[in-house]
Participant: 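Sharing a structure here in structure tokens format.
Atom set for the values below is all heavy atoms of this structure, side chains included, hydrogens, waters and symmetry mates excluded.
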Amino acid sequence: MTAALAKNEPNPVGRPTSYREHYCDQVVQWGREGLSLAEMAVKLGVARSTLYKWMEYSQEFSDAVSLAQDGMSAWFASTFRQAGVGDIPN
């Protein structure tokens with residue numbers, strides 16, 4: 001593997017990434033609203049697999065997705081609890 005193709009290095013050939021740093025805040029917010037990764041990908045106009053590539057490319061984005069997934073879990077727990085679906089075991 002050449003130095004130019006090392007992890008977190010831009011690929012010298014091919015299409016440039018469409019990743020933008022402000023996506024981090026957006027996915028965290030969407031997670032708090034209960035959106036899945038697939039829904040987030042659709043809103044960003046990319047495939048879900050692209051989100052995983054961005055997570056490899058950017059530690060900040062990876063951390064944001066983790067927060068989004070925690071937010072999504074909390075949203076579902078709260079929603080089910082409010083709907084009277086029953087107790088959610090710990």
Participant: Among residues at least two apart in sequence or on other chains, which ones pass side chain to side chain donor-acceptor pair (under 3.5 Å) with Tyr19?
Facilitator: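 Once residues adjacent in sequence are excluded, the partners of Tyr19 under the side chain to side chain donor-acceptor pair (under 3.5 Å) criterion are Ser58.
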
Participant: Could you tell me whether a side-chain N or O of Thr79 sits under 3.5 Å from a main-chain N or O of Trp75, the two making a donor and an acceptor?
Facilitator: yes

Participant: Once rounded to the nearest 0.5 Å, what's the spacing between atom OH of Tyr23 and atom CH2 of Trp30?
Facilitator: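 Going from the OH atom of Tyr23 to the CH2 atom of Trp30 covers 8.5 Å.
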
Participant: Which ILVMFWY residues can you reach from Val28 by hopping between side chains whose heavy atoms are under 4.5 Å apart?
Facilitator: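 Noted: Val28 shares its cluster with Leu67.
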
Participant: Can you list, pair by pair, the side-chain donor-acceptor contacts under 3.5 Å of residues 38-55, counting residues two or more places apart and other chains?
Facilitator:
{"from": "Glu39", "atom 1": "OE1", "to": "Ser36", "atom 2": "N", "distance (Å)": "2.7"}
{"from": "Glu39", "atom 1": "OE1", "to": "Ser36", "atom 2": "OG", "distance (Å)": "3.4"}
{"from": "Trp54", "atom 1": "NE1", "to": "Thr17", "atom 2": "OG1", "distance (Å)": "3.4"}

Participant: Identify, with sequence neighbours excluded, every residue that meets side chain to side chain donor-acceptor pair (under 3.5 Å) alongside Glu60.
Facilitator: none

Participant: Checking Ser73 now: which residues fulfil side-chain contact (heavy atoms from CB on, under 4.5 Å) with it, not counting sequence neighbours?
Facilitator: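 Applying side-chain contact (heavy atoms from CB on, under 4.5 Å) to Ser73 gives none.
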
Participant: If you measure from CZ on Phe61 to CD on Gln26, what distance do you get to the nearest 0.5 Å?
Facilitator: 10.5 Å

Participant: Listing request: all side-chain hydrogen bond (donor to acceptor under 3.5 Å, both in side chains) pairs with a residue in residues 63-72, at least two apart in sequence or in separate chains.
Facilitator: Gln59-Asp63

